[in-house]
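These notes concern the structure reproduced below.
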6 protein chains.
Amino acid sequence: MDYKPLSGREFPRFSAIKTFFRLPYVEVDADYQIGICGIPFDGGVSYRPGARFGPSQVREVSSLGRVYHWSRALSFVEKLKVADIGDCPVVPIDLQKTYERIQKFYGQIISQDKKIIAIGGDHSITLPILREIKKKYKKAIRLVHFDAHLDTYPAAWDCEYHHGSFLRHAIEEGLVDAPRSLHIGIRGPLAGETDLDVIKKYKMNILTIDDLRAGTLKDFCGHLPDFNNDPTYISFDVDALDPAYAPGTGTPVVGGMTTYEAQQILRALKIKNLVGADIVELSPPFDHSEITALAALDTLFEIICIFAQAK
Amino acid sequence: MDYKPLSGREFPRFSAIKTFFRLPYVEVDADYQIGICGIPFDGGVSYRPGARFGPSQVREVSSLGRVYHWSRALSFVEKLKVADIGDCPVVPIDLQKTYERIQKFYGQIISQDKKIIAIGGDHSITLPILREIKKKYKKAIRLVHFDAHLDTYPAAWDCEYHHGSFLRHAIEEGLVDAPRSLHIGIRGPLAGETDLDVIKKYKMNILTIDDLRAGTLKDFCGHLPDFNNDPTYISFDVDALDPAYAPGTGTPVVGGMTTYEAQQILRALKIKNLVGADIVELSPPFDHSEITALAALDTLFEIICIFAQAK
Amino acid sequence: MDYKPLSGREFPRFSAIKTFFRLPYVEVDADYQIGICGIPFDGGVSYRPGARFGPSQVREVSSLGRVYHWSRALSFVEKLKVADIGDCPVVPIDLQKTYERIQKFYGQIISQDKKIIAIGGDHSITLPILREIKKKYKKAIRLVHFDAHLDTYPAAWDCEYHHGSFLRHAIEEGLVDAPRSLHIGIRGPLAGETDLDVIKKYKMNILTIDDLRAGTLKDFCGHLPDFNNDPTYISFDVDALDPAYAPGTGTPVVGGMTTYEAQQILRALKIKNLVGADIVELSPPFDHSEITALAALDTLFEIICIFAQAK
Amino acid sequence: MDYKPLSGREFPRFSAIKTFFRLPYVEVDADYQIGICGIPFDGGVSYRPGARFGPSQVREVSSLGRVYHWSRALSFVEKLKVADIGDCPVVPIDLQKTYERIQKFYGQIISQDKKIIAIGGDHSITLPILREIKKKYKKAIRLVHFDAHLDTYPAAWDCEYHHGSFLRHAIEEGLVDAPRSLHIGIRGPLAGETDLDVIKKYKMNILTIDDLRAGTLKDFCGHLPDFNNDPTYISFDVDALDPAYAPGTGTPVVGGMTTYEAQQILRALKIKNLVGADIVELSPPFDHSEITALAALDTLFEIICIFAQAK
Amino acid sequence: MDYKPLSGREFPRFSAIKTFFRLPYVEVDADYQIGICGIPFDGGVSYRPGARFGPSQVREVSSLGRVYHWSRALSFVEKLKVADIGDCPVVPIDLQKTYERIQKFYGQIISQDKKIIAIGGDHSITLPILREIKKKYKKAIRLVHFDAHLDTYPAAWDCEYHHGSFLRHAIEEGLVDAPRSLHIGIRGPLAGETDLDVIKKYKMNILTIDDLRAGTLKDFCGHLPDFNNDPTYISFDVDALDPAYAPGTGTPVVGGMTTYEAQQILRALKIKNLVGADIVELSPPFDHSEITALAALDTLFEIICIFAQAK
Amino acid sequence: MDYKPLSGREFPRFSAIKTFFRLPYVEVDADYQIGICGIPFDGGVSYRPGARFGPSQVREVSSLGRVYHWSRALSFVEKLKVADIGDCPVVPIDLQKTYERIQKFYGQIISQDKKIIAIGGDHSITLPILREIKKKYKKAIRLVHFDAHLDTYPAAWDCEYHHGSFLRHAIEEGLVDAPRSLHIGIRGPLAGETDLDVIKKYKMNILTIDDLRAGTLKDFCGHLPDFNNDPTYISFDVDALDPAYAPGTGTPVVGGMTTYEAQQILRALKIKNLVGADIVELSPPFDHSEITALAALDTLFEIICIFAQAK
């Protein structure tokens, strides 16, 4: 199997079956190293739904994907076997059943010494993923979490599990090493002051948009911690980006990051042992001209290159 | 309390707090006769979500509502006290909890000798409503069901309850008098021939779009059965309409009804004892220029006038 | 001056300065016979504005205009000199000042034995036009009025003149011969029964959508009155069309005409002395893919051909 | 290979890699009988481009496809092996090179006793297809052509071959049996009377929208000719449909067919030897809420069922 | 009366009657301290209309409002009684009548020792507001004016009062203390050099986008003047923001502010005696995915917090 | 001939025939100095088409154009005679024929000592322009090229000439002085490392987005080279801008320039002998609320002012 994307100079970019990055679509037990899968579940959202169409839309704009990273001077296809492994089974109207299916699907694959980049779907999909990651790595991982929201919020409508509480559960279940993780792009407003208690309680390392903009972007990037060989996971909620850059999302918050800032931070991260990643909360019905999908695709590219660079 | 809408000649139609038909927004125990409530739940859908924004959108376009029905020569405000009673509580990510809340909310109100027109939400909301209707009227009601789909489909993804199975459950639970009910606008394609077995099994009276178009509209209307004083419920899924008339819905099917046909049929229905009604599957994120919302609003108007005429 | 449109086979349809029907843009005192002018005023609307962009949008889609009418077997450019004469001056925020400017502009041109097709703008622009028509023809003209609304409504917000009252004023000012005029496509709902009093009072000839659909379209067309040589004016409000066909309008009403019905009626009209016409209430911000603009353009084509046929 | 679509009751309709009708995506030399291929070329259009995205969009909405045809009482998967065979190679900026590639691709497949339904792309793609059909069947085929336009127009901008001249070339090259073919939905306006000369010259059988609406739809369908065992090809330009039903196309013409009319005509066609078909001129950038794509998908379904019925 | 918003954790954010910030909707003479009212008038605009839908749209997106301000560490509901007081009466087609109604409505309320945040509508609504402010405070107030335009332009189409001249009139009527006011975000191009004469004439303090970007944002914020206890009014025209952040406005100008810059400036303003505020020129028909409405909502939040902080 | 735009204070901005900047539309041999022409050709694009509608859309938004440049303190109409000279003939489906027509049209005009600003159209139109520029100036000109892409890419689908290869051909044909030209806004990803070989080979001066953001914008602008009296050409591809600012383009790349950055760079350019310019790749079908068109219009304004300043 040749893990190369279709060439846009042979097959025009608007043609052909759509796969992530125009890469081969393979069975889950093929010999790829990094599998990109969709997890089209938006049954955990509190406001605008639509993230169930996220994987399909990222595949659609993948037509514009290219494999060579100029700043890193690497072509990921020369370092890694990356493939589209299709979509994880989900139950659109039942969160718990979906969690079971995600865990089963995810666990089976990573048990084979493969890694997965998941394309959501809403942020509730990250919790079952982290559960499987924990099973494999036997320890709480370090998380790099891009988001406008803390996602440590309490139960809502008597439901413990929703897209705004995944992180609280992940910390409470011991899946995430809270003090050694990062949360980037966080900003307000909040429902109340108590929403912040969790930060102290779990010694969370929050980098708000004000922290990011306090000095130059270069300085900010230069002071990010080193993740060394620690198992690290990246969870990128597209609402970390400003609505001007990412209108197609469920709970947009103004005053956010630019895509350029996101790129620079992703390039600055020193992660040698990336164990998985996800890109979530892309809601195509609220996007226009696919700009949010393109931002998600670009984030996917940066994350693949973090894997490739670590090779 | 004066159950009159705001006048567009005094308060411009784009101004003021938005309520259904610009009617007063009242507490659920006020002295209205017909309460219009929103049930903003779309956790039962199989394809496009967004019907959770249905009630809000119908309130928005209610600006264009008017109370005098030319063909019927009646002004509903002179016959009935109609009010906006707000939204029923729902749990966006849990169908069973939502069913409980709908039943509690709905049951309490209809126990007071009031009637409700529910604005959905997806079609899964009709089942808990019918359960409460059954409790009150102690018998299976006759249903007039506008839809592209039979909604008698089997479980999906191991889930019995979803927006495509509400009717099967309603029949099986004895809530609906199947042979004496009507299903209008039904059309294909289907997953398989077995999808039709239920029709014979329950002696359902299906009026497909071909039946509707077999002769003149007048003839079709003239041959509709008389519902007399039997307790009758109307459930109007906006996908009964063609996507040209109602693009803003979750599972559109081409080759459907025009809004004119829907109006004529609603006007032709001989129902003396309408016990409730709903309008479902309006998904505003997929609408444009509010045309589907306007079709839903017009259906709401026709239904209010059926209540008014029966006075 | 050669009153021919640019050929789409020489100059691609998307190219060139946009004029009505790709016809020459000429000074108002040039030697054309039929002048098409824009009247981009929407200061009389009660709900959605935007009709100020109507003329510009009709010019844009004029790229798709063609001059040969198949059913009539005539090419209007062989019969008539038709031109784009630009836009009438308007005062966007003052209805009375706009009325003065419309009357001055319109009166000057028709005094030269020319005729005008006006592209609105909202329906309030028809009143000052009819005033000038009356001045010239010295009698109340016969009106063929396509609309969802009667436009005989009372003052609103203490304002006598607005887009919903133009016709009442036109009748009361003696500009229109009410009993010998036609109103096609009218439909409800209405604010109240008294909205209908004006029909009896002025002996208006209302052809509702139900009248139109009572039998076959052919029959309906066959029974339209003959306008002979009486001075006749056509006012076409695009909301006569159903919102599925004309979403881009200010106060859409469901259950309306199809564009095919409008075409057939326009072709069936027996008018030998058409003294002017307008197409109003196209609101491009609420249109999509220009379908309403295309319907307006087609109506413009049919009206030009009524002029041409009468030659 | 099991030529069955993914079940929506197992894999939610918004999930999985998108193929036509959720059918398997197979190599061109697999053992299917009917291959559905995309031909994403819009380099022949005169106005709005975008049809290059047609195949991708039809695959996207194929999520809503179902295989059982109620009126015909057949499930096509039980009769035929149908598959998505990917996209034909095209050269987006060169019509002649694209023609060569279409002919090579198409010719190779049909030489294997397989048949193809092509999803365009603009209407210029039909000419190279018909050339290959002619090669195989050794005679001019009978064409059933749905369109608003005759597509027999002259050269434009000194170019003989474009989307509006494919039919003239097909007739002149002897690919189509003009007098025994049908053209349905044709309507004006036209550039000039000479545009009609070709009809007499080639004895073309034109069924305009007026012919279609002259009596009842049933009568119209009942009088369609019988194609018996003659090799017959269906070319469906979505602009045969009215812009209300199909806004997403390049050169829309108001006053067109409804999707219901299209369905009924497709069902009434007596074709025993369908040798191929195409669906063209779907331009997704001008669609909204995918209604045009859904109409194209439904047409694809009807055409597959014509193949299946003939089995 | 409990001036608390509906909780999103109890009532999902997409549900319930829409009010500003989900706060109670109260009568104008209730005991609130800060009343948020809509002034849905766009009869003063020179280009794109639609701001009449501004209040309704801000209420719609208020679903996403939250009350705790992280940087200020305050929850405004603990400091102030804030309420939605509905919409001010307007006459959509008459600016002068609207001015009278605004002045009457506004004057009555502020005479009761309450303050108002007005949601426009176009910028012409600010003039009658400032007239009432002047009546109450008996002196020219200091204005903090966010805008792309100076709004000191001359009469247009013989009309003195329009959305581009409100500030000139406010200065000339002695309502605004020109030399001690601020205008932030101003940028070109202009109709001519004379448009700038007014700056010198009235000693206006203009902070163009170039002034804002000359150094760091922190420096810019640090050098803003102190408004102390002087009566100060904030008028925020959303076109101060760049069209990327605020496409939904009537006369967009590229090269504008980001929402982050607006937030930082609003937070840096030292205003102890804020006497009123408005947010204007939000035109929902030109917005997409509600991003401009969300920016307006966020500005509303910042302004409420300025009131709260001063408590 | 008075080369002044229509005044927005006399003729509302939404009214009148649309020309570039509301300037007079004149014959190509009139006595203007700077002619603005459309070149509506998008037959060279590799992904999203639609740039054929670019000239029409820039004319539409020209309604918001104004002539006085605040920073430069000049009104271009006082320095230069600028006019709309209509659209260059193109052949939408044939690149080579279009090249011939562009060269003929362009060459004739610039032989008259006039200069042209071309509004595309896709980037493939720049090559024939540069050929004519070379003919006139007899030397390779210096290019200031704003773009996300290098446009030095190899042949695609066996076609040498397309929108991504114009620059390579321009260099290889000796039209552009590569080492003394500038390319601003360039960013990745790329198809492969070899895409960069051309930079060294031709000693190109690439200023990536990272170069632009390395320090302050002021510094970046201050270090741009001086073009003195060398013949210099500006080619502005709107995809140099970030998709948030310019969604309406064919091949968007995230992480791009803001419109403010583009303005500042255009103002900082020291060009005394600007011989021509173009603005390309505006694709209106993918724009929203005209924000990309407004960015293109603003760029046009800046470029006109470079001409004016040099006077």
Side-chain angles (χ1 to χ4, degrees), chain C residues 39-54 56-57 87-102 104-105 121-125 127 153 155-166 247-252 281-288 292, chain E residues 40-54 56-57 87-102 104-105 121-125 127 153 155-166 169 247-252 281-288 292:
Chain C
I39 307 188
F41 178 73
D42 62 8
V45 301
S46 57
Y47 193 54
R48 292 175 182 167
R52 63 181 63 189
F53 293 108
S56 179
Q57 189 65 23
D87 282 0
C88 173
V90 299
V91 178
I93 65 181
D94 193 314
L95 186 140
Q96 285 306 330
K97 283 183 183 159
T98 296
Y99 274 21
E100 287 162 23
R101 293 182 194 200
I102 292 173
K104 186 175 165 196
F105 177 88
D122 72 53
H123 224 152
S124 69
I125 68 162
L127 184 62
Y153 303 120
W157 334 290
D158 298 336
C159 295
E160 264 300 323
Y161 299 95
H162 56 83
H163 75 152
S165 71
F166 95 90
T249 193
T251 44
E281 297 284 352
L282 165 65
S283 178
F286 296 92
D287 202 3
H288 65 84
T292 316
Chain E
F41 178 74
D42 63 8
V45 301
S46 57
Y47 193 53
R48 293 175 182 168
R52 63 180 64 188
F53 293 108
S56 179
Q57 190 64 23
D87 282 2
C88 172
V90 299
V91 179
I93 64 181
D94 194 313
L95 186 139
Q96 286 306 329
K97 283 183 183 158
T98 297
Y99 273 21
E100 287 161 22
R101 294 182 192 200
I102 293 173
K104 186 174 165 198
F105 176 88
D122 72 50
H123 224 152
S124 69
I125 68 163
L127 184 61
Y153 303 120
W157 334 290
D158 298 336
C159 295
E160 264 299 322
Y161 299 95
H162 57 82
H163 76 150
S165 71
F166 95 91
H169 287 288
T249 194
T251 45
E281 298 285 350
L282 164 65
S283 179
F286 296 93
D287 201 5
H288 65 83
T292 316

Distance, nearest 0.5 Å, that separates CG of E:Asp94 from NE2 of C:His162: 12.5 Å

Residue selection (most heavy-atom pairs with chain C, distance under 4.5 Å) from E:Cys159, E:Ala156, E:Ser124, E:Pro89: E:Cys159

Determine the minimum heavy-atom distance between [X] and [Y], stating which atoms define it.
X: E:Trp157; Y: C:Lys97; answer: O-CD, 4.4 Å
X: E:Val45; Y: C:Ile93; answer: O-CG2, 3.8 Å
X: E:Gly50; Y: C:Pro49; answer: N-CG, 3.8 Å

Under 4.5 Å from any heavy atom of chain C - which part of E:Ser46: backbone

Chain C contact via E:Arg101 - which portion, at a heavy-atom distance below 4.5 Å: side chain

Contacting moiety of C:Asp158, where chain E heavy atoms sit under 4.5 Å: both

Portion of C:Tyr161 that has a non-hydrogen atom of chain E nearer than 4.5 angstrom: backbone

Side chain proximity check, E:Pro285 to C:Arg48, heavy atoms < 4.5 angstrom: no

